[in-house]
Colleague: 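My structure is below; once you've seen it, I'll send some questions.
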Amino acid sequence: MARANDEAAALIQELADLLSITGGDAFKIRAYEKAARAIAGHPDDIAGLDLAGLRKIPTVGEAIAKKVLDYNTTGTIRQVEELRLQIPAGVRALTEIPTLGPKKALAVYEELGISSVDELATAIQEGRLRGLKGFGAKTEDNIVRGIELMRSAGERVLVDAAAGVADEIVAALAALPQVERCAHAGSLRRMRETIGDVDVLAASRDPHPIMEAFTALPLVAEVIAGGDKKTSIRTAKGLQVDLRVVPPESWGAALQYFTGSQAHNIRTREIAVKAGLKLSEYGLFHAESGDLIVSATEEEVYERLGLPWIHPALREDGGEIEAALAGDLPRLVTAEDLRGDLHSHTDLTDGTAPLDAMVAAAHARGLEYYAITDHAPDLFMQRMTDDKMLAQREQVRELQGEYPGMTLLHGTELNIGPDGEVDWDADFLSGFDVCVASVHSHFTQDQAAMTRRLVRACENPHVHVIGHPTARSIGRRPPVDADWDEVFRAAARTGTAMEVDSFPDRLDLPADLIRRAKRLGVVFAIDTDAHSVGHHRNIRYGVGTAQRGWLTPDDVINTWPLDRLRTFLAKRTT
DNA sequence: GCCGTTTTCGGCCCGACTGTTTTCAGTCG
């Protein structure tokens, strides 16, 4: 699935990583890192660009453009290959150990010949790090614990797990008398699909009791670092939480800073520097006099930098600064924009709640329309039959009378077979109000077969939405391999929507593919795929993913009024 | 290595905390 852009960007990033170990110029390393991001996020396929075309990519100059050309012709970059010979892959892996960065990795490699995490663990056991300059008893101890952490937990968690921890901590701290404001920031506020650590921000003039209350919370298993401005803990499940306490008047600048991303912050600070200003978590200051200009709200900080407020979901240095400067920021879709949900299940198949409970939950969300889409017969374990489906349709029509303000749609989630065929013939399919079609098996087909399969499903006039298109399960199953641009072109051509599935372990389409699909003219449906009443709450994660994909309300068919949606659904079969 | 109404050289975001040092380097975000 990797595009040339992604592969070239990964090589440039590797070049930066390798240079940081060999002690290359820090600014050169940063230049590579910036260019890697720009290449990964560039809308055009770099495989088709010449030197001049490549140099038009921001932060890509002569030298990096030539390296990308090198990649285009040879499939690799010569300098990367050379550095790989100097620095074994295992030495790079050492920098994955928390508290062990490039300098210490190079030290143990050069002084002791250590080139893997296992060798390092053994060397520490044998006491061979003793006496090495810069390696004291505490450092040794931290490395041992870092290796343990890396080998056990320490991996990123799903967004709902992080949100649960953040909500608990924010609720506890907000109740303290010293706390004036408290909120989560970081990658969770940006709604990244997985979260490495949770950032919590509090505003107060009296930080000490807050830090004490924080480290005394029942979920705290270990205190990693403790100061009056910043304290870090780890939960029993291995999730790190950083709490920063700032003066109340710094709230806006601090929220901007701690929301990140780091790449976005570098861009905003560069803008500040060019304007003779200095931006930190404490505010926006005059560089020379040090006088404070603004700091109370994020809006003020961005405004004084000459930018409109930028939604957290966009803050990845993925083109949002350029769009903001040009006045082209999208008005992102929100949960309030959603009028309906087009994908949900009941206990007729693998849901756990009966039809009436699911409909009541949808009504409680304030939806104007709601589709029940139980599985179709090709998923044999669900034991669906024509009669059962028709009986459910009758129940849906009867239930409609109880919900005059919400239109119930009867649909189904079809199974896309290995050849792209779906359950039921055209005649039976035409009886549904809406059909979602999804891949549920044969995940490992090669790219050509999978592409044909998805294109064929799009071309089926009865299929309105492709459900969880990549079929990935975050942390468990990789996305299927397809030529996504070809699939998206088929979806745009046939008027088939791509789903943004809100399940925290799906979030499918992922944000980067959403952006690619949108550029090709695709429309989307943000659905819960709810299998229980509680799953309706997951919609926030689907909306967050759609926002990271730069979607506006108009891109999303279930923000449309019912009449417009019906027109969209109907034109497919005429 | 990139960049430029401070343009072809001299800059390049900013701060907190830790550990090993006696004033600072390394790591992290």
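First the proteins, then the strands, lettered A, B, ... as listed; each starts at 1.
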Colleague: Of the nucleotides dG29(B), dG1(B), dC12(B), which has the atom closest to the Ala31(A) side chain?
Modeller: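 It is dG1(B).
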Colleague: Does a sphere of radius 6.0 Å around CZ in Arg537(A) hold more than 12 heavy atoms from other residues, nucleotides or ligands, not counting ones at 6.0 Å or beyond?
Modeller: no
Colleague: Round to the nearest Å and state the distance from Arg55(A) atom CZ to dG4(B) atom P.
Modeller: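 Computing the Arg55(A):CZ to dG4(B):P distance gives 11 Å.
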Colleague: For Ile64(A), answer base if it contacts any base atom (sugar-phosphate contacts may also be present), sugar-phosphate if it contacts only those atoms, and nothing otherwise; contact means non-hydrogen atoms under 4.0 Å.
Modeller: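 Sugar-phosphate contact only - Ile64(A) comes under 4.0 Å of backbone atoms but never of a base.
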Colleague: Under a 3.5 Å threshold, yes or no: a donor from one side chain and an acceptor from the other, between Arg189(A) and Thr259(A)?
Modeller: yes
Colleague: Measure from CD1 on Ile271(A) to P on dG4(B) and round the result to the nearest Å.
Modeller: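 Rounded to the whole Å, the gap is 13 Å.
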Colleague: Distance only, no hydrogens: is a donor on one side chain within 3.5 Å (strictly under) of an acceptor on the other, for Asn538(A) and Thr528(A)?
Modeller: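 Asn538(A) vs Thr528(A): no donor-acceptor pair found between side chains.
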Colleague: Just call it for Lys34(A): base, sugar-phosphate, or nothing, with non-hydrogen atoms closer than 4.0 Å on any strand.
Modeller: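 Counting heavy atoms under 4.0 Å across all strands, no contact is made by Lys34(A).
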Colleague: For the pair made of CG in Leu201(A) and C1' in dG29(B), what is the distance, rounded to whole Å?
Modeller: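 It is 14 Å, rounded to the nearest whole Å.
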Colleague: Nearest-nucleotide wise, let me know which of Arg269(A) and Ala65(A) is further upstream toward the 5' end of DNA chain B.
Modeller: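 Result: Ala65(A).
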Colleague: With a 3.5 angstrom cut-off on both distances, give the Watson-Crick or G-U wobble partner of dT8(B), or none if there isn't one.
Modeller: none
Colleague: Which of residues 89-100 of chain A have a heavy atom under 4.0 Å from DNA chain B?
Modeller: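 When residues 89-100 of chain A is checked for heavy atoms under 4.0 Å from DNA chain B, the hits, listed by number, are Ile97(A), Pro98(A), Thr99(A), Leu100(A).
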Colleague: Could you verify whether a donor N or O on one side chain and an acceptor N or O on the other, from Tyr302(A) and Gln256(A), lie under 3.5 Å apart?
Modeller: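 Yes, side-chain donor-acceptor contact under 3.5 Å.
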Colleague: Indicate whether any N or O donor in one side chain lies under 3.5 Å from an N or O acceptor in the other, for Glu316(A) and His264(A).
Modeller: no
Colleague: Distances for protein N/O vs nucleotides 16-19 of chain B N/O pairs under 3.5 angstrom?
Modeller:
| unit_1 | atom_1 | unit_2 | atom_2 | d |
| --- | --- | --- | --- | --- |
| dA16(B) | OP1 | Tyr282(A) | OH | 3.1 |
| dC17(B) | OP1 | Lys229(A) | N | 3.3 |
| dC17(B) | OP1 | Lys230(A) | N | 2.9 |
| dC17(B) | OP1 | Lys230(A) | O | 3.4 |
| dT18(B) | OP1 | Gly226(A) | N | 3.1 |
| dG19(B) | OP1 | Asn142(A) | ND2 | 3.3 |
| dG19(B) | O3' | Thr139(A) | OG1 | 3.0 |

Colleague: If only side-chain N and O atoms count, and only distance matters, is there a donor-acceptor pair under 3.5 Å linking Ser232(A) with Asp242(A)?
Modeller: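 There is such a pair between these side chains.
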Colleague: NA contact type, Gln262(A), heavy-atom cut-off 4.0 Å: base, sugar-phosphate, or nothing?
Modeller: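 Counting heavy atoms under 4.0 Å across all strands, the contact made by Gln262(A) includes a base.
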Colleague: With rounding to whole Å, what would you report as the distance between dT27(B) and dT20(B) at their C1' atoms?
Modeller: 14 Å
Colleague: Given the P atoms of dG1(B) and dT6(B), what is the spacing between them in whole Å?
Modeller: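 Per the computed distance, 27 Å lies between those P atoms.
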Colleague: Pick from Leu551(A), Leu338(A), Val556(A), Val500(A): which one makes a side chain to side chain contact (heavy atoms under 4.5 Å, CB included) with Val543(A)?
Modeller: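 Of all the options given, the one that passes is Leu338(A).
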Colleague: Considering heavy-atom distances to DNA chain B, does Gly61(A) or Phe27(A) have its closest nucleotide positioned more toward the 5' end?
Modeller: Gly61(A)
Colleague: Would you please say whether a donor-acceptor pair under 3.5 Å links the side chains of Thr552(A) and Asp555(A)?
Modeller: yes
Colleague: Over how many whole Å does the gap from Asp25(A) atom CG to dG11(B) atom P extend?
Modeller: 14 Å
Colleague: How close or far is atom P of dG1(B) from atom CG of Asp70(A), stated in whole angstroms?
Modeller: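 Those two atoms, CG and P, are 14 Å apart.
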Colleague: Expressed in angstrom and rounded to an integer, what is the separation of Arg267(A) atom CZ from dG29(B) atom P?
Modeller: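 Atom-to-atom, Arg267(A) to dG29(B), this comes out as 22 Å.
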Colleague: Can you check whether Phe503(A) and His535(A) have ring centres sitting under 6.0 Å from each other?
Modeller: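 Centroid distance Phe503(A)-His535(A): below 6.0 Å, so yes.
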Colleague: Tell me whether the side-chain N or O atoms of Tyr257(A) pair up with the base of dG29(B) as donor and acceptor below 3.5 Å, since no angle test is needed here.
Modeller: yes
Colleague: Using atom C1' of each nucleotide, how far apart are dC12(B) and dG19(B) to the nearest Å?
Modeller: 29 Å
Colleague: Ignoring backbone atoms, test whether Lys278(A) places a side-chain nitrogen or oxygen under 4.0 Å from the OP1 or OP2 oxygen of dG15(B).
Modeller: yes
Colleague: How far does the C1' atom of dT7(B) sit from the matching atom of dC2(B), given to the nearest Å?
Modeller: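 Result for the C1' pair: 13 Å, nearest Å.
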Colleague: Out of dC14(B), dT27(B), dG1(B), which nucleotide sits closest to the side chain of Val273(A)?
Modeller: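 When the side chain of Val273(A) is considered, dC14(B) is the closest of dC14(B), dT27(B), dG1(B).
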Colleague: Roughly how many Å apart are dC13(B) and dG29(B), using the C1' atom of each and rounding to a whole number?
Modeller: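 After rounding to an integer number of Å, I get 12 Å for this pair.
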Colleague: May I have the step-by-step check of side-chain hydrogen bond (donor to acceptor under 3.5 Å, both in side chains) for Glu7(A) and Tyr71(A), ending in yes or no?
Modeller: CA-CA 9 Å; Glu7(A) 288 184 358; Tyr71(A) 163 78; 2.6 Å; yes
Colleague: Measure CD/Gln256(A) against P/dC13(B) and give the value in whole Å, please.
Modeller: 15 Å
Colleague: Check whether the side chains of Thr194(A) and Arg156(A) place a donor and an acceptor atom closer than 3.5 Å, and report yes or no.
Modeller: yes
Colleague: Between dT23(B) and dT18(B), how far apart are the C1' atoms? Round to whole Å, please.
Modeller: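 About 15 Å, rounded to a whole number of Å.
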Colleague: Provide the distance between the two C1' atoms, one in dC14(B) and one in dC9(B), to the nearest whole Å.
Modeller: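 Rounded to whole Å, the distance is 25 Å.
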Colleague: Can you tell me how far C1' of dG29(B) sits from CZ of Phe258(A), to the nearest Å?
Modeller: 9 Å
